[in-house]
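One structure below.
Along the sequence shown, residues are numbered consecutively beginning with 1. Just so you know, these numbers use all the heavy atoms, side chains as well, and skip hydrogens, waters and symmetry mates. For ligands, and for the atoms within them, numbers begin at 1 and follow the listed sequence.
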Amino acid sequence: MGAKPFTNPRGTRDLLGDDLILIKHLERTASKVAAAAGYQELRTPLFEETRLFKRSLGEASDVVEKEMFSVPRRGSEGQEAMNRGFTFRPEGTASTVRAYVQGGFAASAPLQKWFYVGPMFRYERPQKGRERQFTQFGVEAFGAQSVSLDAEVVSIAMRFFQDLGFDDQLEVRVNSMGDADDRIKWAQVLREFFTPQLECESERCADCQSRYTRNVFRLLDCKAKRCIELNEGAPTLFQVMGSDALSHHQQFVACLENLGLKVIDDPSIVRGLDYYTRTVFEVHYPPLGARSALCGGGRYDGLVEEMGGRATPGVGFSVGFTPTELALAELGLPLASDLDDLRQQLLPQVYAVAIADEQRDALFVICESLRAAGIRVEIDHRAKSLKAQFKEANRSGARWAIVLGADEADSQQIVLKDMQQKSERTVSQSDLLSLIS
Ligand code: HAM
């Protein structure tokens, strides 16, 4: 007996077969809707310096506090090694902004519209819809503070879901985080409101107790039943917001409504990451229950400057594939016909059959020449009987079978069987490629 078999780490998946086909379908839908709006693909490294995420997402965010997959820097010791270490990216915005600043775009070509699809890593408790390695499709647009860019970004997310076949149960929930000054005022009035609840320790949950000083906005999205009740009547940012941010929000909502989107104002959307300013939004699929968010995003007009670049506004979103897959399953999607072409690409076009073992080498050479021309060809490698090879040929889904016997091999010919038409003819090996392509 060898070692006990290994298993994949919790919260990760091996993808193959139909599961992988579904992911490819999501990926191509993402690329299509992003390209239609003029967004270019960006691929950043899967890991970055840990301090990039601390700086951009905020030290007090759940992601930075509890969920980072970090490795220490070699050659340093203790806390210093962790501080100077690396982290597998928990999201895509920080790396995108780092690439924007590093590439000097703010000075040379500030308007940039980028998208990404790839794995993200968060050390969360694995549960339905939450994984430790998951795929996000995101877009980030830099260089304009206009309301129409916010609406464009939301519209791309919605088109992604619509293209996948989602119904009108999808909801766009919007809110505003105002400008930096607005948030200072808001934090103050929120603390005044929450202080009596915090003084009586049994009132708010332990998370809220600790968030009160670190990030008071997060009390508003606490999911504990009693805390939700206590949030009733909490001051909203709109009560203290300056007129510029307020009119930005009103125009944003109007712009989405012009696009025919159903928009819900939701003051509990404060997002868990520190970088947001003004517009924030989430796309929810309510039948999924407590974890119905498929997508989250918003504006981050201070982030480029915070990360060392010239002050440049930005806005974006990320869709999680994991909850999207759950929602699709609820909807009975995708339809088999949506995946037909992806499945076809995995099937051989030709199955090669050797009448006897003596023909296998010559047949293999023919197969390789077809493969070199881009034809998908399958051949038996386990010395199966003629009958078993034909059985495989039928099962493989290949349109053609090519059959090599001694006579054909001698005369540089081969039998070409059309498995659909159930016909066959003997052809010259040199004509084979043109006959099947
Ligand atoms: P987020 O809300 O943290 O935002 O994540 C966006 C989406 O990623 C969520 O709505 C969810 O669908 C998915 N997601 C998050 N964590 C997990 C997980 N552990 N397992 C499966 N899916 C997950 C961001 O990441 C921001 N970077 C969005 C953004 C882009 N804002 C501006 N630009």
Exercise for review: Quick one, list the residues around ligand 1 where some non-hydrogen atom comes in under 4.0 Å, by chain and residue number.
Suggested key: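 Correct list: Glu91, Thr93, Arg122, Glu124, Gly129, Arg130, Glu131, Phe134, Gln136, Glu140, Arg271, Leu273, Tyr275, Tyr276, Ala293, Leu294, Cys295, Gly296, Gly297, Gly298, Tyr300, Gly316, Phe317, Ser318, Gly320, Thr322, Pro323.
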
**Study point:** Within 6.0 Å of OH in Tyr123, more than 12 heavy atoms from elsewhere
**Key:** no

Point to revise | Close aromatic pair by centroid cut-off 6.0 Å: Tyr39 and Phe115 | key: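 Centroid separation for Tyr39 and Phe115: 6.0 Å or greater.
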
Review point. How about Tyr276 and Tyr300: are their ring centres within less than 6.0 Å of each other?
Key: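 No, too far apart.
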
Exercise for review: Just say parallel, tilted or perpendicular for the rings of Phe281 and Phe252, cut-offs at 30° and 60°.
Suggested key: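 Phe281 vs Phe252 ring planes: tilted.
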
Point to revise | Tyr351: which of Asn394, Asp380, Val377 passes side chain to side chain contact (heavy atoms under 4.5 Å, CB included) | key: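 The single option meeting the side chain to side chain contact (heavy atoms under 4.5 Å, CB included) with Tyr351 is Asp380.
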
Point to revise | Residue from Asp150, Asp179, Asp301, Asn175 passing side chain to side chain donor-acceptor pair (under 3.5 Å) with Arg278 | key: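 Exactly one option meets the side chain to side chain donor-acceptor pair (under 3.5 Å) with Arg278, and it is Asp179.
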
